[in-house]
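Shown next, in structure tokens, is the structure this report addresses.
The structure presented is a predicted model; accordingly, all values stated were derived computationally and were not measured. Along the sequence shown, residues are numbered consecutively beginning with 1.
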Amino acid sequence: QVHLVESGGGLVQAGGSLRLSCAAAGRTFSRDAMGWFRQPPGKEREIVAAMDWNPGSTYYAGSVKGRFTISRDNAKNTVDLQMNSLEPEDTAVYYCAAALGGRLKLLWPDYDYWGQGTQVTVSS
């Protein structure tokens with residue numbers, strides 16, 4: 001059974017940093033695309049960042065570009081999201097996801113496996 005487990009969420013003041021980690025079990029995702037999504041309260045799920053399998057290509061949503069960094073360690077089967085200069089608008093449940101196949105994918109329906117989510121709350 002495949003599991004993605006996120007960790008590292010929490011409460012932080014605006015301007016602070018958090019590092020989210022996602023550990024995969026039950027399958028190796030070294031040749032699959034990985035991504036981070038978030039769902040703010042009362043809003044739809046949106047992509048935050050994504051990376052292809054190599055990793056050669058990355059994507060960042062405009063609202064996080066320059067503040068967030070996605071990285072992966074294929075040997076450890078993990079993907080991280082470093083979040084700096086956090087803003088109250090970043091408050092959301094953050095999800096790690098894996099898309100079978102190595103090409104970069106930006107739409108959440110294209111992802112096959114999901115973690116349970118971790119809450120990030122940024123206070124002003």
Side-chain angles (χ1 to χ4, degrees):
Q1 194 170 5
V2 177
H3 292 284
L4 297 177
V5 180
E6 303 98 338
S7 61
L11 174 64
V12 64
Q13 288 188 332
S17 298
L18 283 174
R19 188 177 183 89
L20 304 183
S21 294
C22 174
R27 189 186 191 279
T28 298
F29 290 103
S30 59
R31 292 190 174 272
D32 299 311
M34 302 293 292
W36 285 95
F37 290 75
R38 68 186 181 187
Q39 187 162 14
K43 297 185 179 180
E44 295 186 352
R45 189 172 302 188
E46 61 185 17
I47 189 168
V48 176
M51 177 177 281
D52 69 1
W53 76 275
N54 196 12
S57 297
T58 55
Y59 169 85
Y60 294 96
S63 59
V64 308
K65 193 174 295 184
R67 300 188 296 123
F68 291 11
T69 303
I70 187 172
S71 60
R72 65 189 297 169
D73 186 331
N74 286 338
K76 295 181 179 179
N77 218 20
T78 60
V79 59
D80 292 350
L81 185 69
Q82 177 66 42
M83 306 186 295
N84 298 328
S85 302
L86 283 161
E87 304 169 353
E89 292 74 21
D90 297 315
T91 295
V93 178
Y94 283 71
Y95 298 90
C96 167
L100 299 181
R103 297 174 63 181
L104 191 66
K105 295 181 175 65
L106 306 185
L107 302 178
W108 70 263
D110 293 330
Y111 282 75
D112 301 284
Y113 298 101
W114 291 84
Q116 81 288 352
T118 185
Q119 177 70 46
V120 172
T121 303
V122 184
S123 63
S124 57

Open item on the list: Please determine whether residues Met34 and Phe37 belong to a single hydrophobic cluster, defined as Ile, Leu, Val, Met, Phe, Trp and Tyr linked transitively by side-chain heavy-atom distances below 4.5 Å.
Closed with: no
Open item on the list: Using modelled atom types and a 3.5 Å cut-off, is there a donor and acceptor pairing between side-chain atoms of Gln13 and backbone atoms of Ser123?
Closed with: no
- [ ] Give a yes or no on whether the ring-centroid distance for Tyr95 and Tyr111 is below 6.0 angstrom.
- [x] no
Task: Flag, side chain of Arg72 to backbone of Phe29, donor-acceptor distance under 3.5 Å - done: yes
Task: Any Asp90 side-chain heavy atom under 4.5 Å of Met83 side chain - done: no
Task: Donor-acceptor pair, side chain of Asp52 and main chain of Ser57, under 3.5 angstrom - done: yes
Task: Closest contact, heavy atoms only, Gly26 versus Val2 - done: O-CG2, 4.1 Å
- [ ] Determine, using the 4.5 Å side-chain heavy-atom cutoff (strictly less than), whether Leu18 and Val64 are members of one ILVMFWY cluster.
- [x] yes
Task: same_hphob_cluster(Leu4, Val93) at 4.5 Å side-chain heavy-atom cutoff - done: no
TODO: Decide yes or no for Ser21 and Thr78: does some side-chain heavy atom of the first lie under 4.5 Å from some side-chain heavy atom of the second?
DONE: no
Task: Contact summary for Ile70 and Tyr60, nearest pair of heavy atoms - done: N-OH, 2.9 Å
Open item on the list: Under the salt bridge (charged side-chain N to carboxylate O under 4.0 Å, His left out) definition, can you give me all pairs with a residue in residues 92-115, not counting sequence neighbours?
Closed with: none
Open item on the list: A cation-pi test, strictly: NZ or CZ of Arg27 under 6.0 Å from the centre of the six-membered ring of Tyr113 and no more than 45 degrees from its axis. Yes or no?
Closed with: no
Open item on the list: Between Gln82 and Thr69 (side chain of the first, backbone of the second, donor and acceptor by atom type, cut-off under 3.5 Å), is there such a pair?
Closed with: no
Task: N/O donor-acceptor pair under 3.5 Å between Asn74 side chain and Arg31 backbone - done: no
Open item on the list: Donor-acceptor check, side chain of Gln116 to backbone of Val5, threshold 3.5 angstrom: yes or no?
Closed with: no
Open item on the list: Within the 4.5 Å heavy-atom criterion, are Glu89 and Val122 side-chain neighbours or not?
Closed with: no
Task: Trp114 atom CH2: more than 12 heavy-atom contacts under 6.0 Å - done: yes
